[in-house]
There are 2 protein chains.
Amino acid sequence: MQIDTYLRGKGLKITPARKSILEILLGQHEPLDVQSIIKELHTLDIQSDPATVFRTMNVFLEKNIVRQVQLMEGKVRYEILDQKEHHHFICRKCESISDISDCNISILEKKIEELKGVAIEHHALEFYGLCSKCLKSTKRKSV
Amino acid sequence: MQIDTYLRGKGLKITPARKSILEILLGQHEPLDVQSIIKELHTLDIQSDPATVFRTMNVFLEKNIVRQVQLMEGKVRYEILDQKEHHHFICRKCESISDISDCNISILEKKIEELKGVAIEHHALEFYGLCSKCLKSTKRKSV
DNA sequence: TTGGGTGCAAAACGTTTGCACCAAT
DNA sequence: ATTGGTGCAAACGTTTTGCACCCAA
């Protein structure tokens, strides 16, 4: 299985929990917090402890398998760290999260690096507002 | 005093704690977490409870006096919500925080709004990496 | 066999809340 | 006098840690 070789390649032991967590994150379109991961594991008939999931996420972070996402919720979400960079749009009404992949931050980063003499390694960018659906329903009501 | 009139204008009662917290935030160049605010209050010989500071910050948030900043620390920082938009650069080595004020995100926002049909109300943008000082010392060592 | 992963419980934090008291209007 | 802010303690949710046990290598 490729998940096994992938984990082995990262120098990690293969365990049912790790494999399932990785599969869940790979099949996910939005970043998940630990409780959601546990819920997803439960639907696969795998029960797991928060401590284990947190520890797994910290290992995945060190190995650059996932990255953290913070959405002003008082908790951390995790998502697969894949090649194509993207950001998130969070609707303040329906709380949906959608990907924003067409904004080229790297140009901006280069400008800042030159201007400030810093080396930017990564960034966090999230947009908050009303999604198209909620925007329409708001307009309807206000008319 | 103008702080008094400002708070009164926001419909808030004036108390020593509130005035001092506001003054501290106004005189600060980087966003502060609640513990740091309490420490600053202490240097002014004002002792205050975390609960009070958290409550004050929540009131300030509602009144649009401050905004929250999250820097992947597991806690929230607060900074005065002023007219000129800026972002933050956090050095992973010396943990210094500097303002980045010359990046025009609004152009990007308009593009996203058109493309996705959403209404962006605000955003969070932080850059992480090495500041110019730490970058230099890293280079020196590696040579 | 051995190093490392796991579950459980406890602890550590940041943050919120209930309540009695006190201060600003 | 009344409204609302404060301190203290307790509660809450997220995340970490210690320890004994168990599993993958």
Side-chain angles (χ1 to χ4, degrees), chain A residues 1 3-24 31-42 44-63 65-78 95, chain B residues 1 3-24 31-42 44-63 65-79:
Chain A
M1 212 187 237
I3 294 246
D4 289 33
T5 30
Y6 179 72
L7 286 175
R8 229 186 306 269
K10 292 283 186 177
L12 297 178
K13 276 194 186 175
I14 288 137
T15 69
R18 272 184 188 169
K19 280 174 62 170
S20 308
I21 291 173
L22 187 50
E23 273 165 4
I24 286 166
L32 294 182
D33 62 23
V34 166
Q35 288 309 324
S36 307
I37 292 171
I38 290 173
K39 236 176 266 170
E40 290 295 319
L41 284 170
H42 197 76
L44 302 176
D45 275 310
I46 300 164
Q47 88 289 3
S48 196
D49 197 76
T52 301
V53 180
F54 275 111
R55 275 189 281 232
T56 302
M57 298 325 294
N58 286 333
V59 172
F60 283 5
L61 279 173
E62 282 166 26
K63 300 293 183 182
I65 298 172
V66 299
R67 69 173 181 123
Q68 293 185 320
V69 179
Q70 281 189 226
L71 305 181
M72 305 285 179
E73 303 168 302
K75 67 187 173 189
V76 174
R77 290 170 180 259
Y78 302 88
E95 291 177 324
Chain B
M1 209 187 238
I3 293 245
D4 289 33
T5 29
Y6 178 73
L7 285 174
R8 229 187 306 269
K10 292 282 189 179
L12 297 177
K13 275 193 188 176
I14 288 135
T15 69
R18 272 184 190 167
K19 278 174 65 170
S20 308
I21 292 173
L22 187 49
E23 272 164 4
I24 286 166
L32 294 182
D33 62 24
V34 166
Q35 288 309 323
S36 308
I37 293 171
I38 290 172
K39 236 176 266 169
E40 290 295 319
L41 284 170
H42 196 75
L44 302 177
D45 275 310
I46 299 165
Q47 88 289 0
S48 196
D49 197 77
T52 301
V53 181
F54 275 112
R55 275 189 280 232
T56 303
M57 299 323 295
N58 286 332
V59 172
F60 283 5
L61 280 173
E62 283 167 25
K63 300 292 184 182
I65 298 172
V66 299
R67 70 174 180 122
Q68 293 185 321
V69 180
Q70 280 190 227
L71 306 181
M72 302 286 178
E73 304 169 301
K75 68 187 170 189
V76 174
R77 289 170 180 258
Y78 302 87
E79 75 178 0

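Per chain, numbering begins at 1; letters A, B, ... match sequence-line order.
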I21(A) atom CD1 is separated from dG5(C) atom P, nearest whole Å, by 12 Å
- Task: For K10(B), look at atom NZ and say whether over 12 heavy atoms of other residues, nucleotides or ligands are found less than 6.0 Å away.
- Result: yes
Atom CZ of F60(B) and atom P of dG5(D) are separated, to the nearest Å, by 11 Å
The helix from dT1(C)-dA25(D) to dT25(C)-dA1(D): angle between terminal helix axes, five bp per end, to the nearest 10 degrees, reads 30°
In whole angstroms, the gap separating C1' of dG5(C) from CG of L22(A) amounts to 16 Å
Between CZ of R18(A) and C1' of dG4(C) the distance, given in whole Å, is 8 Å
Closest to the 5' end of DNA chain C, once T52(B) and V59(A) are matched to their nearest nucleotides, is V59(A)
Legend entry - Residues L12(B), V59(B); criterion side-chain contact (heavy atoms from CB on, under 4.5 Å); working and verdict: CA-CA 9 Å; L12(B) 297 177; V59(B) 172; 3.4 Å; yes
Look for any protein N or O under 3.5 Å of an N or O in nucleotides 10-15 of chain D and output each such pair with its distance, or none.
unit_1	atom_1	unit_2	atom_2	d
dT15(D)	OP1	V76(A)	N	2.8

Between R55(A) and dG5(C), is there a side-chain N or O to OP1/OP2 distance below 4.0 Å? no
Quick note, A51(A) side chain, CB onward, closest among dT16(C), dT6(C), dA9(C) is dA9(C)
Between CD of Q47(B) and C1' of dC8(D) the distance, given in whole Å, is 13 Å
Taken to the nearest whole Å, NZ/K63(A) to P/dG4(C) is 11 Å
Separation of dT6(D) atom P from K19(B) atom NZ, nearest Å, is 13 Å
For V53(A) and S48(A), the nearest pair of non-hydrogen atoms, with its separation, is CG2-OG, 4.0 Å
In terms of heavy-atom contacts, D49(B) and I38(B) come closest through C-CD1, 4.3 Å
message: How about CD on Q68(A), more than 12 heavy atoms from neighbouring residues, nucleotides or ligands closer than 6.0 Å, or not?
response: yes
Here the distance between atom P of dG5(D) and atom CD1 of I46(B), to the nearest Å, is 17 Å
- Quick one: does R67(B)'s side chain have a donor or acceptor within less than 3.5 Å of a partner on E79(B)'s backbone? no
Item checked: Main-chain N/O of P16(A) paired to S20(A) side chain as donor or acceptor, under 3.5 Å -> yes
Next item on the list: Report yes if the side chains of L22(B) and I65(B) come closer than 4.5 Å at any heavy-atom pair, otherwise no.
Entry: yes
Does the side chain of F60(A) reach to within under 4.5 Å of the side chain of N58(A), using non-hydrogen atoms?
no
Looking only at heavy atoms, the pair that brings I24(A) and I37(A) closest together is CD1-O, 4.2 Å
Protein N or O to nucleotides 22-25 of chain C N or O, pairs below 3.5 Å:
none

Worksheet item: Between K75(A) and Q35(A), is any pair of side-chain heavy atoms under 4.5 Å apart?
Response: no
- Would you please confirm or rule out a distance under 4.0 Å between OP1 or OP2 of dT6(D) and any side-chain N or O of S48(B)? no
task: Considering only NZ, NE, NH1 and NH2 on the basic side and carboxylate oxygens on the acidic side, decide whether D33(B) and R77(B) come within less than 4.0 Å.
output: no
